[in-house]
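Heads up: the structure comes next, in structure tokens.
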Amino acid sequence: MSEIQKTLSIIKPDAVERNLSEEIKSIFKKNGFEIIDEKKIKITKEEAEKFYLVHQSKPFYNELCSYLSSGPIIVMVLSKENAIIANRQLMGSTNPNDAEEGTIREKYGLSIDKNSVHGSDSIENAKKEIEFFFSN
Ligand code: CDP
Ligand code: MG
């Protein structure tokens with residue numbers, strides 16, 4: 001089954017800092033995604049902790065939250081047919097070393113933590129994550 005979906009994408013601090021935002025946005029557009037909302041923000045560690053609450057029990061949680069709040073990020077709502085899975089495919093594996101040729105993480109990711117982009121992993125999480133950043 002296919003349907004038009006929305007998903008949340010984040011260009012993480014490592015990529016914003018290296019001025020890769022426009023290049024990454026153009027990759028989304030080339031691959032048929034529409035960027036229907038976007039903003040450049042810097043979040044607090046507390047906000048990062050809330051956003052990544054599902055990873056609360058993981059050993060990398062603290063560093064992950066420090067990292068996501070360490071510099072400006074670009075949060076975007078992307079839309080496309082089956083956007084959630086399509087974005088996950090375009091991003092590539094969490095660890096850039098395992099990411100498939102041509103994926104964003106393979107191209108730009110520096111390490112498993114500084115992997116340049118975030119993407120929602122399910123319909124339910126996409127909804128929650130879009131609300132988190134774009135509910136005003
Ligand atoms: O981002 P993705 O959904 O691919 O991976 P995740 O398992 O949901 O983990 C969220 C984020 O935590 C990753 O994107 C990495 O930035 C970070 N992470 C980490 O620093 N060390 C790990 N062993 C796993 C994830
Ligand atoms: Mg995830």
Side-chain angles (χ1 to χ4, degrees):
M1 221 184 74
S2 68
E3 56 171 341
I4 300 290
Q5 294 175 335
K6 289 179 195 170
T7 191
L8 185 90
S9 170
I10 303 179
I11 304 179
K12 293 185 178 181
D14 68 274
V16 175
E17 186 178 274
R18 286 177 289 151
N19 292 314
L20 295 169
S21 306
E22 288 310 313
E23 211 166 312
I24 292 174
K25 279 194 255 176
S26 80
I27 293 176
F28 286 125
K29 290 180 203 158
K30 259 184 233 151
N31 282 273
F33 289 90
E34 197 185 334
I35 301 171
I36 60 177
D37 215 340
E38 72 171 281
K39 58 184 176 185
K40 186 176 188 177
I41 54 173
K42 188 171 184 295
I43 61 172
T44 63
K45 185 164 183 201
E46 289 68 31
E47 288 169 320
E49 285 167 351
K50 219 172 144 194
F51 179 74
Y52 273 131
L53 205 59
V54 290
H55 292 307
Q56 199 173 18
S57 63
K58 307 276 172 63
F60 57 82
Y61 181 63
N62 184 51
E63 280 194 57
L64 173 61
C65 297
S66 297
Y67 167 61
L68 197 72
S69 56
S70 68
I73 58 175
I74 314 256
V75 290
M76 299 175 286
V77 179
L78 303 182
S79 171
K80 182 187 152 114
E81 199 156 286
N82 297 323
I84 295 161
I85 187 93
N87 181 39
R88 297 289 307 187
Q89 280 168 356
L90 186 57
M91 287 162 58
S93 302
T94 307
N95 187 339
N97 292 330
D98 302 331
E100 303 67 16
E101 190 74 35
T103 60
I104 294 173
R105 283 169 165 172
E106 183 267 331
K107 276 192 188 136
Y108 305 116
L110 300 172
S111 56
I112 192 161
D113 49 330
K114 295 182 174 156
N115 57 9
S116 305
V117 281
H118 165 85
S120 311
D121 63 2
S122 66
I123 293 179
E124 194 192 346
N125 286 335
K127 220 178 150 199
K128 275 193 210 159
E129 292 178 358
I130 289 168
E131 253 167 48
F132 185 89
F133 284 112
F134 293 99
S135 60
N136 296 313

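All of these numbers come straight from a predicted model, not from anything done at the bench. Order of listing sets the numbers, starting from 1, for every ligand and every atom in it.
Glu49 meets the side chain to side chain donor-acceptor pair (under 3.5 Å) test with no other residue; sequence neighbours excluded.
Regarding atom 24 (C) of ligand 1, its nearest protein heavy-atom neighbour is Phe60 CE2, 3.4 Å. The nearest heavy-atom contact from the protein to atom 17 (C) of ligand 1 is Leu64 CD1, 3.7 Å. Among protein heavy atoms, the minimum distance from atom 15 (C) of ligand 1 is reached at Ile112 O, 3.2 Å. Closest protein heavy atom to atom 1 (O) of ligand 1: Arg105 NH2, 3.0 Å.
With hydrogens and angles disregarded, no donor-acceptor distance shorter than 3.5 Å links the side chain of Glu34 to the backbone of Ser79.
Residue contact check for ligand 1: Arg88 places a non-hydrogen atom closer than 4.0 Å to it. Proximity of His55 to ligand 1 is established by a heavy-atom distance of less than 4.0 Å. Within the structure, the closest approach of Lys12 to ligand 1 falls below 4.0 Å when heavy atoms are considered.
Cluster partners of Ile4: none. The rule joins Ile, Leu, Val, Met, Phe, Trp and Tyr whenever side-chain heavy atoms lie under 4.5 Å apart, and it links nothing here.
Heavy atoms of Asn115 found under 4.0 angstrom from ligand 1 belong exclusively to the side chain.
When only interatomic distances are considered, the shortest N/O to N/O separation between Thr94 and ligand 1 falls below 3.5 Å. Checked by distance only, ligand 1 and Asp113 come closer than 3.5 Å through their nitrogen or oxygen atoms.
Residues Ile43 and Phe132 have side chains not in contact (no heavy-atom distance under 4.5 Å, counting atoms from C-beta outward). Side-chain contact between Lys39 and Phe134: present, with at least one pair of heavy atoms (C-beta onward) separated by less than 4.5 Å.
One finds no salt bridge joining Lys107 and Glu23 here, because no Lys/Arg side-chain nitrogen approaches an Asp/Glu carboxylate oxygen to under 4.0 Å. Salt bridge annotation for Lys127-Glu131: absent, with no cationic side-chain nitrogen under 4.0 angstrom from a carboxylate oxygen.
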